[in-house]
Amino acid sequence: MSEQNASQKHSFQAEVAQLLHLVTHSLYSNPEIFLRELISNASDACDKLRFEGINHPEYYEDAPDLRVRVSLDKDNKTITISDNGIGLSEQEAIDNLGTIAKSGTKDFMSKLTGDQKSDAQLIGQFGVGFYSGFIVADKITVESRRAGSPSSEGVRWVSGGTGDFEVTQIDKAGRGTDIILHLRDDALDYLESYKVKQIINKYSDHISLPIEMQKEVWQEEETAEGEEPSKGGEMVKTDEWEAINSASALWTRSKSEVTDEQYVEFYKNLSHAFDEPLAWSHNRVEGTTEYTQLLYIPSKAPHDLFTRESKAGIKLYVKRVFIMDDADNLIPNYLRFVQGVVDSADLPLNVSRELLQESRDVKTIREGNARRVLTMIDGLAKSDDEKDQDKFKTFYAEFGSVIKEGLGEDYGNRERILKLLRFATSNNDEISTSLVDYKANMKEGQKAIYYVTADSLTTAKNSPQLELFKKKGIEVLLMADRVDEWAMNFVHEFDGTPMQSIAKGAVDLGDLQDAEEKKALDEATEKFKPVVEKLSDSLKAKTKEVRLTSRLVDSPACLVTGDGELSPQLIRMLKDAGQAVPESKPILEINPSHPLVQKLEGSAQFDDLANVIFDQALIAEGGLPDNPAEYVKRINSLLLK
Ligand code: ADP
Ligand code: MG
């Protein structure tokens, strides 16, 4: 060391001074990020050495192994982050640590309001990099030497984080940079090695360089002869260094280098789960934005999948530096069960959730992730392997109703989502028929995919609207998930074939109905005209319209919804959820060949009969009469006659 070298005082660029003031006055909410920033800089410095070392192998000097070391000194109250990367020359130290070179800084500064709280938020978004050291330190000493320069050309940079800094030439044997933080009295926690290790594991585990700390051993307190051995002792540092991160981000390796066991282990660490993932997909994506995705489909749904607290399971990294958990902008909501990592090469290191919302890169990544997940699921569904088939079944049982939300949420992938859905049908109780299967089994002349939604499969299976379809042997999809009714509002066709609810609008079986049936309905309509008119009058308060139908075989009546109106089932659901629902009345359709309906004509108890027919239709589709007591009274009165 040549202490006789003169120190030079420099002033910070005006913006830096302003930034430093902010750092020290308003960035206390998340102080531990200083370690992430400084380790990230150390890692960048090593990356730069790797790059320059390609043409200048001599830069490696006699230390080819790049690493970062973090050391704690309780006596001097310092924490030192030291790397053997590219280092700084004197001029570089003055330039890079005294000015802000980043573009947009001025712009950023002009947005500051002087209000500590909102400024703190802004600054968190922008990132303060090196200056974040001043959150915990009242003085920072940087000692550095650029790779390839003589040991006499080291530099010491010292600042208290106010108006200026001092630069001195020093002798430095090892190349690279030591950042020495002189901790404030309220930041002495960071002298505890367990705490520092914890933070490094949290933010920097996947930095691909080893981050080393001095190994500690337990040393028993010495006891004098004849005394009981004391149980006291302390952790003592040794001269040995050990890496405390895994030093290699799994997702940065190529697929061929990672075993299935390692993928599974990583999944468990990542999601804190105990289940085995059903499938995963690991890709380096190049194009308008560059990123790596490693996405897992769990085999078990989290307990809170359908509550508002449910969070997306994607961790965001930028160039291997951890940025945030639950990056919900990186995956559409209906795929919130997916776990994984996205590592972006393009996003800024200090990207915030607010910024994520607006970023085009993020939008591209989200779309890429959604496509990838749907492809994975499709792969399981299509596979001939029995194991994959089982996995698909597990997937569908756990997550089938969540992906239906995508029908409303993700217009672009609607067709792909539809292909993944499986249904029970009027022919098959098992939830296993796909829309493709259904289409393959359509009857000659059938022009639509028919479905019915209900509160339960039993209700769906026994709905009166199904009768004609059963009689004619036309398969109908049965839907009983809560989300179905809502989701189907967004689906009008599949692969060119219209989707038709059999409980909505008038029944139109097109070519499936023969001329004779049509003629019979026309005749009945004429004959029942007076009855229908009287019914409409009697049930004015309950129905929008009464009409004759040919869709019923065994039941006297059923309720249907007008095209584009909310069904009674959806109305019940929305009301249960506490939502205001516009009043809308159903249409009552009656079966002219049913004895009860035929009995209406000239009945002395027309009103009772009419109301009972209506209430029964409501019960058949899972509802309850508005006035159950009145319903019972009417039934009894009819029974007694
Ligand atoms: P950024 O990392 O986004 O460039 P920082 O404020 O974190 O911004 O760092 C400012 C600059 O200081 C870096 O660009 C780099 O030139 C220099 N620097 C910081 N830490 C180191 C280091 N450990 N080794 C070499 N240069 C460094
Ligand atoms: Mg940085």
Side-chain angles (χ1 to χ4, degrees), residues 10 12-13 15-20 22-24 27 33-53 59 61 63 66-71 79-105 108-109 123-137 140-149 153-159 161 165 167 172 174-181 203-204 207 209-212 317-323 344-352 355:
H10 295 264
F12 282 119
Q13 183 194 24
E15 282 84 5
V16 175
Q18 212 180 335
L19 188 65
L20 280 167
L22 268 161
V23 168
T24 46
L27 254 190
I33 59 146
F34 81 90
L35 255 183
R36 173 184 78 187
E37 294 292 335
L38 298 181
I39 288 176
S40 149
N41 283 349
S43 162
D44 288 349
C46 291
D47 281 347
K48 279 181 206 158
L49 176 63
R50 261 192 215 113
F51 182 72
E52 291 193 21
Y59 282 6
E61 300 174 8
L66 301 176
R67 55 31 183 189
V68 180
R69 283 181 173 172
V70 178
S71 42
I79 171 168
T80 301
I81 294 99
S82 150
D83 67 69
N84 58 359
I86 194 72
L88 292 156
S89 66
E90 182 177 354
Q91 195 55 47
E92 283 171 330
I94 294 169
D95 291 345
N96 300 344
L97 304 179
T99 57
I100 304 178
K102 282 180 239 180
S103 61
T105 308
F108 161 74
M109 289 296 184
I123 212 169
Q125 289 178 27
F126 182 79
V128 287
F130 169 73
Y131 303 109
S132 65
F134 285 108
I135 305 173
V136 295
I140 299 181
T141 305
V142 178
E143 294 184 348
S144 190
R145 176 170 69 76
R146 205 166 195 299
S149 60
E153 289 185 14
V155 58
R156 178 182 297 132
W157 177 104
V158 182
S159 175
F165 58 90
V167 174
K172 189 175 183 292
R175 71 155 190 272
T177 306
D178 302 339
I179 310 276
I180 304 152
L181 306 175
Y203 291 109
S204 309
I207 291 277
L209 292 168
I211 301 167
E212 298 176 346
Y317 285 78
V318 171
K319 299 186 199 87
R320 301 189 303 275
V321 179
F322 173 73
I323 306 295
S344 159
D346 302 321
L347 291 170
L349 193 60
N350 257 282
V351 66
S352 67
L355 230 63

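Atoms within each ligand, like the ligands themselves, are counted from 1 in listed order. Just so you know, these numbers use all the heavy atoms, side chains as well, and skip hydrogens, waters and symmetry mates.
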**Q** Ignoring hydrogens, just give me the one of Val16, Asn41, Val142 whose non-hydrogen atom is nearest atom 2 (O) of ligand 1.
**A** Asn41
**Q** On a heavy-atom basis, which atom in Phe12 and which in Leu97 lie closest, and how many Å separate them?
**A** CE2-O, 3.4 Å
**Q** Please report whether ligand 1 has a polar contact with Phe130, defined as an N or O pair separated by less than 3.5 Å (distance criterion only).
**A** yes
**Q** With respect to atom 17 (C) of ligand 1, which of Asp83, Leu38, Asn96 exhibits the smallest heavy-atom separation?
**A** Asn96
**Q** Checking contacts here: is it the side chain or the backbone of Ile81 that comes within 4.0 Å of ligand 1, counting heavy atoms only? Could be both or neither.
**A**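 Neither; nothing of Ile81 gets under 4.0 Å from ligand 1.
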**Q** Have a look at ligand 1 and work out which part of Ile179, if any, has a heavy atom under 4.0 Å from it: side chain, backbone, both or neither.
**A**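 Answer for Ile179: neither.
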**Q** At less than 4.0 angstrom from any non-hydrogen atom of Leu97, what atoms of ligand 1 do you find?
**A** 12 (O)
**Q** Please report the shortest heavy-atom distance between His10 and Val167, naming the atom on each side.
**A**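 Looking at all heavy atoms of both residues, the shortest contact is CD2-CG2, 3.9 Å.
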**Q** Grab the two heavy atoms, one from Tyr59 and one from Ala147, that are nearest each other, plus how far apart they are.
**A**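 Smallest interatomic distance, heavy atoms only, reads O-CB, 3.7 Å.
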**Q** Looking only at distance, does Glu37 have an N or O less than 3.5 Å from an N or O of ligand 1?
**A** no
**Q** Where is the tightest heavy-atom contact between Ala137 and Leu181, given as atom of each residue plus distance?
**A** CB-CB, 3.9 Å
**Q** What residues form a side-chain contact (heavy atoms from CB on, under 4.5 Å) with Glu92, not counting sequence neighbours?
**A** Leu88, Ser89, Asn96, Arg146
**Q** Do you see an N/O/S atom of Ser40, backbone or side chain, under 2.8 Å from the Mg ion (ligand 2)?
**A**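 Not a single backbone or side-chain N, O or S atom of Ser40 is under 2.8 Å from the Mg ion (ligand 2).
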**Q** Going by the rule salt bridge (charged side-chain N to carboxylate O under 4.0 Å, His left out), which residues pair with Asp178 if we only count those two or more places apart in sequence or in a different chain?
**A** none
